[in-house]
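Reminder, nothing fancy here: chain letters follow the sequence lines and each chain counts from 1. A quick note: this is a predicted structure, and the numbers were derived from the prediction, not measured.
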Amino acid sequence: MSAPALEVQDLVREYVLRVRRGRFRRQRRVVRAVDGLSLRVERGESVGFIGANGAGKSTTVKLLTGILVPTSGTVRTCGLDPAPNRRDLARRIGVVFGQRSQLWWDLPLAESFRLLAAIHGLPGARWRARRDELADRLDMDAFLGTPVRQLSLGQRMRGEVAAALLHSPELLLLDEPTIGLDVLSSERLRRFLRSEREAHGTTLLLTTHDMGDVQRLCDRVLVVDSGRLAYDGDLPGLARRVGARRVLVVDLREPVPPLHVPGADLVAVEAEGLRQRLAFDPTATTAAEVLAGVSRLAEVRDLSVEEPDVADVVRQLYASARR
Amino acid sequence: MPVTAYPALAAAGFRRYSAYRAATAAGALANTVFGAVKAAVLTGTVVAAGGSVAGYGVAQAATFAWLSQALLAPVSVFADDRLARRVRTGDVAVDLARPVDPQLAAWADDLGRAAFQLLPRGLPPLLVGALTTGLVLPPEPAGYLLGCASLVLGVSVSFALRWAVNLTAFWLIDVRGVLLLYTVCATVLTGLAVPVAWFPPWLAALAAATPFPSVLQAPADVFTGVVTGAAALRVVAVQTAWLVVVLAAGRLLLAAGSRRLVVQGG
């Protein structure tokens with residue numbers, strides 16, 4: 001069992017689009033969703049896979065699970081070639097598609113777990129213990145008997161994640177797991193995923209638009225741009241690479257003239273000086289130092305720190321790549 | 001592959017359909033009303049023809065009318081778009097991410113559906129038929145046994161056909177036209193409208209060259225005793241052969257389709 005969780009070499013997947021040109025003529029256009037992607041993820045890693053819409057994230061996840069067949073290049077997931085071994089692989093990995101459901105829509109949530117246990121051939125004692133563990137840690141006991149179609153999105157997503165983990169897979173692939181969830185629900189889900197990783201050493205790969213997911217869950221970030229890898233490293237490194245800055249927002253007791261603090265740039269003055277925004281480079285200074293600088297000039301009533309937005313970071317990375 | 005998976009999936013199919021009671025009751029009412037119309041037309045035809053048409057007497061024609069209405073829902077003569085919809089929305093990705101054979105899983109689910117629909121959709125037309133025109137039933141237990149086997153085969157052939165037709169969604173995305181064409185062909189060629197034996201020779205030959213009579217005409221004939229003994233066994237053998245052919249065709253289509261699969265909607 002020394003094979004890495006994921007090993008991808010020069011992966012290419014093309015789609016053929018047929019574009020109408022006139023009444024009867026159709027033009028064939030080939031789009032490369034994944035364009036020479038290579039990556040390697042070791043067992044036990046937790047990797048965030050980020051990129052703009054259409055960058056090739058979801059296509060890559062489907063290639064990794066064997067649902068899509070590569071146009072060229074090689075993929076090894078848990079040491080297996082996914083497409084020809086799709087069913088064997090399905091026993092060893094868990095997948096959550098944030099926008100799709102793997103639960104039985106018309107049946108109570110508990111039934112989906114029973115069915116998945118049968119599908120995976122899990123012995124009765126084992127899957128019941130696992131279900132109880134998941135129900136407890138994801139706080140699902142109250143709605144296990146509710147038909148899936150009547151669950152809220154937050155409840156359903158917890159059910160989806162539990163469904164993907166029932167057979168204790170070595171690798172969990174999450175495609176936009178927090179899409180549409182409110183702050184509290186996504187935070188709860190992230191906390192659960194962290195504890196799941198700690199308890200079972202599950203390898204995690206998630207695609208997301210939410211920097212919070214990456215910050216709270218991932219040791220490593222892969223950024224894809226036009227089907228190619230644009231960055232591979234940790235999150236602070238990504239912020240450093242694009243010079244992403246955090247922003248300290250201070251609400252002041254009284255309106256004051258624009259604040260100028262060493263190590264930070266004033267980016268906005270709002271409410272006639274009652275609220276001011278100061279951007280700073282987290283590798284050069286800290287929020288505390290900037291706050292100390294502000295406190296010397298004005299009385300602070302309230303404050304918050306805004307993290308660099310993943311979309312901004314990616315945009316800046318793309319821009320620097322194309323320059 | 002755990003063998004327990006498929007019975008569990010069949011049970012889930014049964015329970016899924018049992019969640020919609022009002023729809024089931026409405027369907028049963030429609031089946032029964034049409035059964036009355038069909039029984040009147042078919043028996044009228046037999047009487048006008050002098051008491052027998054292609055081996056059907058008045059009682060057999062009436063029984064065929066009621067029985068075909070009773071079996072219409074369980075064998076699902078009309079096309080459904082369950083799989084095509086999953087291809088069109090991309091939800092088929094979820095099906096393919098499971099460690100089960102997609103065709104066998106869908107077959108198990110469909111057998112569960114048929115098992116649920118058998119009594120609530122089948123009993124009302126048969127009861128009304130028994131009370132109004134009377135029904136001809138197999139004289140010995142062997143007839144029922146063979147009838148049940150033929151019915152399971154009918155449901156299975158129907159499933160294999162509908163599943164394969166749905167797979168054209170891999171190429172067409174919008175399959176409404178194909179499904180409509182299928183339903184039109186199935187309505188005629190399964191014998192739902194008129195028994196296949198009553199067809200003019202050219203249409204009977206055409207029907208015999210398709211798996212459609214195996215869906216409904218075959219179990220109806222075995223249950224009503226229109227075919228018995230060796231002839232009934234031959235009918236069941238033909239059904240089995242068609243089942244193998246259509247299932248194999250579906251697997252070929254799936255293999256071809258997965259290679260060019262594009263998961264819709266990201």
Which residue pairs pass the salt bridge (charged side-chain N to carboxylate O under 4.0 Å, His left out) test when at least one of the two sits in residues 64-74 of chain A, sequence neighbours left out?
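Of all non-adjacent pairs touching residues 64-74 of chain A, none passes salt bridge (charged side-chain N to carboxylate O under 4.0 Å, His left out).
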Can you tell me if CZ on F34(B) sees more than 12 non-hydrogen neighbours from other groups inside 6.0 Å?
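Count not over threshold, so no.
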Counting neighbours of CZ on R82(B) that are heavy atoms of other residues, nucleotides or ligands and sit closer than 6.0 Å, is the number greater than 12?
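For R82(B), atom CZ is crowded (more than 12 foreign heavy atoms under 6.0 Å).
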What I'd like to find out is whether the side chain of R98(B) reaches to under 4.5 Å of the side chain of L116(A), using heavy atoms alone.
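SC-SC contact between R98(B) and L116(A) confirmed.
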Kindly give the heavy-atom pair with the smallest separation between [X] and [Y], and that separation in Å.
X	Y	value
A12(B)	L115(A)	CB-CD1, 3.4 Å
S258(B)	V69(A)	O-CG2, 3.9 Å
A118(A)	A5(B)	O-CB, 3.5 Å

Looking only at heavy atoms and a cut-off of under 4.5 Å, which of L107(A), V95(A), D88(A), D106(A) has the most pairs with chain B?
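The candidate making the most pairs under 4.5 Å is D106(A).
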Going from CG on L96(B) to CZ on R87(A), what distance comes out if it is rounded to the nearest 0.5 angstrom?
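So the gap between those two atoms works out to 11.0 Å.
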Do R100(A) side-chain atoms and T89(B) backbone N/O form a donor-acceptor pair below 3.5 Å?
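Present.
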If contact means a heavy atom pair closer than 4.5 Å, which residues of residues 16-27 of chain B contact chain A?
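Listed by number, the contacting residues are R16(B), A19(B), Y20(B).
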Excluding sequence neighbours, so at least two apart, what forms side chain to side chain contact (heavy atoms under 4.5 Å, CB included) with A105(B)?
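Side chain to side chain contact (heavy atoms under 4.5 Å, CB included) list for A105(B), sorted by chain: Y6(B), L9(B), V100(B).
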Heavy-atom distance under 4.5 Å to chain B: side chain of [X], backbone, both or neither?
X	result
S101(A)	backbone
E111(A)	side chain
P108(A)	side chain

Got a list of side-chain donor-acceptor pairs under 3.5 Å for residues 121-129 of chain A, not counting sequence neighbours?
none

